[in-house]
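These notes concern the structure reproduced below.
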2 protein chains.
Amino acid sequence: MKIKEIISEDQKRLARYAKALGHPVRVYVMQLLSNQACCYSGDLSEELPIAKSTLSQHLKELKDAGLIQGEIEAPKIKYCINKENWAEAQRLFTTMASPKKPGSLMNCQNKTV
Amino acid sequence: MKIKEIISEDQKRLARYAKALGHPVRVYVMQLLSNQACCYSGDLSEELPIAKSTLSQHLKELKDAGLIQGEIEAPKIKYCINKENWAEAQRLFTTMASPKKPGSLMNCQNKTV
DNA sequence: ATCTTTGTTCGTAATTTTACGAAATACGAA
DNA sequence: TTCGTATTTCGTAAAATTACGAACAAAGAT
C-alpha cells in the first residue's frame, strides 16, 4: 500500500490550500482580498515592505494553489479571490474540523508531553 | 515600517496553523484525530507506509504548532487534538473566510491570468 | 519610436522541509 | 537487571522555500 493511495484527494487538496496559506504575507493578502474586494499588486507592494519580486512569488503561490486569480487591467493586474476554490478550501477545512462522531471523542487526561 | 509590524499576530498564528496543515500526512493525522478520538502513534505508523522517524517528525510539527498534544500511556503515546488551539485555528480561518463587507465585493470580469 | 509604469523571470544564496536508517531513550515486563 | 516495545533524536541528503536585486517583457503614454 503506497502513501498516495492512503491519502485521499480531498486531503491532498486541503494540504495544498493550507500550504499556500502557510506564510504570513499570503495570509495577509488573502485576508485583504476577503475583506475588501479585489486589489492591485501595486497596492500590496506599497503596503508590504518586501521586494516586488518576492511579492510576485507569493502571489504566484496563491495563484498556483487556485486561491486567487488575476485579471489584466493594463498596465496593472487586479487580483481577486477565486471564490470557487476558496469555498472548497473552507468546505474541506470545516468538514475536517467537525468530527462525524462528536460523541465518541475521548478526553485526554493523562500527562501531556 | 517593518513587515513584522504590518502582519498581525492573528495572521501569523493562522499562517502557523496553516503551515502545520500544509502536508498531506499531517492533514490525514488531523482528520483522523478529528473524527475518531485519540490515537496512538503506532496505529498511524501501521497505516501510513512511511518511516517511523518521519511520522515522528510530522507529529512533532503538529505538536509544535499546538494542534495536537500527546499523553504518555506507557509504553505508548496517545495523541489527541488540542481542542483549544484547534478551535482558534478554526476561528481564525472562518473569520478570515467571511468578509466583513460582503456587499463590497466586486466581480472579476476581465481576462484571467 | 521611445519612455514609463507594472509586473514577471532569472540568478543566487540562505534557510527550511522532507525523508530515511541507525542509534539512543524511556519504561514496563520477565 | 536484562529484554522488548514504542518512540524520539541524530546524521545525512535531496528538494523546496524564501528572499533579494538585476534584467527582461508588456503595454499604455508621450
Side-chain angles (χ1 to χ4, degrees), chain A residues 2-4 6-7 11-12 15-30 33 38-65 67-80 110-113, chain B residues 1-4 6-7 11-12 15-29 33 38-65 67-80 110-113:
Chain A
K2 288 167 197 166
I3 190 76
K4 284 198 175 181
I6 290 161
I7 308 283
Q11 286 165 339
K12 286 177 205 164
R16 185 82 175 80
Y17 291 134
K19 191 171 186 179
L21 283 175
H23 190 286
V25 165
R26 297 197 290 265
V27 168
Y28 178 93
V29 171
M30 286 305 289
L33 290 178
C38 304
C39 75
Y40 298 101
S41 169
D43 302 341
L44 294 168
S45 193
E46 279 175 29
E47 287 190 60
L48 296 170
I50 58 175
K52 283 187 181 182
S53 52
T54 304
L55 177 60
S56 186
Q57 271 184 100
H58 283 306
L59 291 172
K60 182 171 156 51
E61 287 270 331
L62 289 172
K63 206 161 58 184
D64 289 350
L67 289 176
I68 65 170
Q69 60 199 36
E71 10 161 347
I72 295 171
E73 256 189 27
K76 302 180 183 178
I77 292 180
K78 187 167 78 173
Y79 283 102
C80 313
N110 293 13
K111 184 168 55 170
T112 297
V113 290
Chain B
M1 201 61 166
K2 288 167 196 166
I3 190 77
K4 285 197 175 182
I6 290 161
I7 308 283
Q11 286 165 339
K12 287 178 204 164
R16 185 81 177 80
Y17 290 133
K19 191 172 186 178
L21 282 175
H23 190 287
V25 165
R26 298 198 289 265
V27 168
Y28 178 93
V29 171
L33 289 178
C38 304
C39 76
Y40 298 100
S41 169
D43 302 340
L44 293 168
S45 191
E46 279 174 30
E47 289 189 59
L48 295 171
I50 57 175
K52 284 184 181 183
S53 52
T54 304
L55 177 61
S56 185
Q57 270 183 102
H58 284 305
L59 291 173
K60 181 171 157 52
E61 287 270 333
L62 289 171
K63 205 162 57 184
D64 289 350
L67 290 176
I68 65 171
Q69 60 199 36
E71 10 159 347
I72 294 170
E73 256 189 27
K76 302 180 184 179
I77 292 181
K78 188 167 78 173
Y79 283 103
C80 313
N110 293 12
K111 184 168 54 172
T112 298
V113 289

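Just so it is clear: chains get the letters A, B, ... in the order the sequence lines come, proteins before strands, and each one is counted from 1. All values below were derived from every heavy atom in this structure, side-chain atoms included, with hydrogens, water molecules and symmetry-related copies excluded. On a predicted model such as this, the values are computed, not experimentally measured, just so you know.
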Sub-3.5 Å pairs of nitrogen or oxygen atoms, protein against nucleotides 8-14 of chain C:
unit_1: C:dT8; atom_1: OP1; unit_2: A:Tyr79; atom_2: OH; d: 2.8
unit_1: C:dT8; atom_1: OP2; unit_2: A:Ser56; atom_2: OG; d: 2.6
unit_1: C:dT8; atom_1: O5'; unit_2: A:Ser56; atom_2: OG; d: 3.3

First of A:Lys19 and A:Asp43 reached from the 5' end of DNA chain C, by closest nucleotide
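Whichever sits nearer the 5' end wins; that is A:Asp43.
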
Starting from [atom2] on [N], measure out to [atom1] on [X] and report it in whole angstrom.
X	N	atom1	atom2	value
B:Lys76	C:dA29	NZ	C1'	15 Å
B:Ile3	D:dA19	CD1	P	8 Å
B:Ile72	C:dG28	CD1	C1'	13 Å
B:Leu44	D:dA6	CG	C1'	13 Å
A:His23	D:dT17	NE2	C1'	9 Å
B:Leu21	C:dT18	CG	P	12 Å
A:Glu71	D:dA27	CD	P	16 Å
A:Glu61	D:dT18	CD	C1'	9 Å

side-chain contact (heavy atoms from CB on, under 4.5 Å) between A:Glu73 and A:Tyr40: does it pass, once the steps are laid out?
CA-CA 9 Å; A:Glu73 256 189 27; A:Tyr40 298 101; 2.6 Å; yes

Heavy atoms only: give me the nearest [X]-[Y] pair and the separation to one decimal.
X	Y	result
B:Leu62	B:Ala20	CD2-O, 3.8 Å
B:Ile77	B:Gly70	CG2-CA, 4.0 Å
B:Tyr17	B:Ala65	CE2-O, 3.2 Å

Name each donor-acceptor pair under 3.5 Å that joins a side chain in residues 50-61 of chain B to protein atoms two or more places apart or in another chain, with its distance.
unit_1: B:His58; atom_1: ND1; unit_2: B:Arg26; atom_2: NH1; d: 2.9
unit_1: B:Lys60; atom_1: NZ; unit_2: B:Asp64; atom_2: OD2; d: 3.2

Side-chain contact, heavy-atom cut-off 4.5 Å: A:Ser41 with A:Lys76?
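When only atoms from C-beta onward are counted, A:Lys76 and A:Ser41 do not touch, as no gap falls below 4.5 Å.
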
Do A:Glu47 and A:Tyr28 have side-chain atoms, one donor and one acceptor, less than 3.5 Å apart?
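The answer is yes; a qualifying pair exists.
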
CD1 of A:Ile68 to SG of A:Cys38: how many Å apart, nearest 0.5 Å?
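Interatomic distance, A:Ile68 CD1 to A:Cys38 SG, rounded to 0.5 Å: 10.5 Å.
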
So if I apply the side-chain contact (heavy atoms from CB on, under 4.5 Å) rule between A:Leu67 and each of A:Leu21, A:Leu33, A:Val29, which one comes out positive?
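Going through the options one by one, the only one that passes is A:Leu21.
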
Within less than 4.0 Å of OP1 or OP2 of D:dT17, is there a side-chain N or O belonging to A:His58?
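Indeed not, no polar side-chain atom of A:His58 lies that close.
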
Would you mind reading off the bend of the helix from C:dA1-D:dT30 to C:dA30-D:dT1 from its two end axes, five pairs each, to 10 degrees?
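Taking five pairs per end, the axes differ by 10°.
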
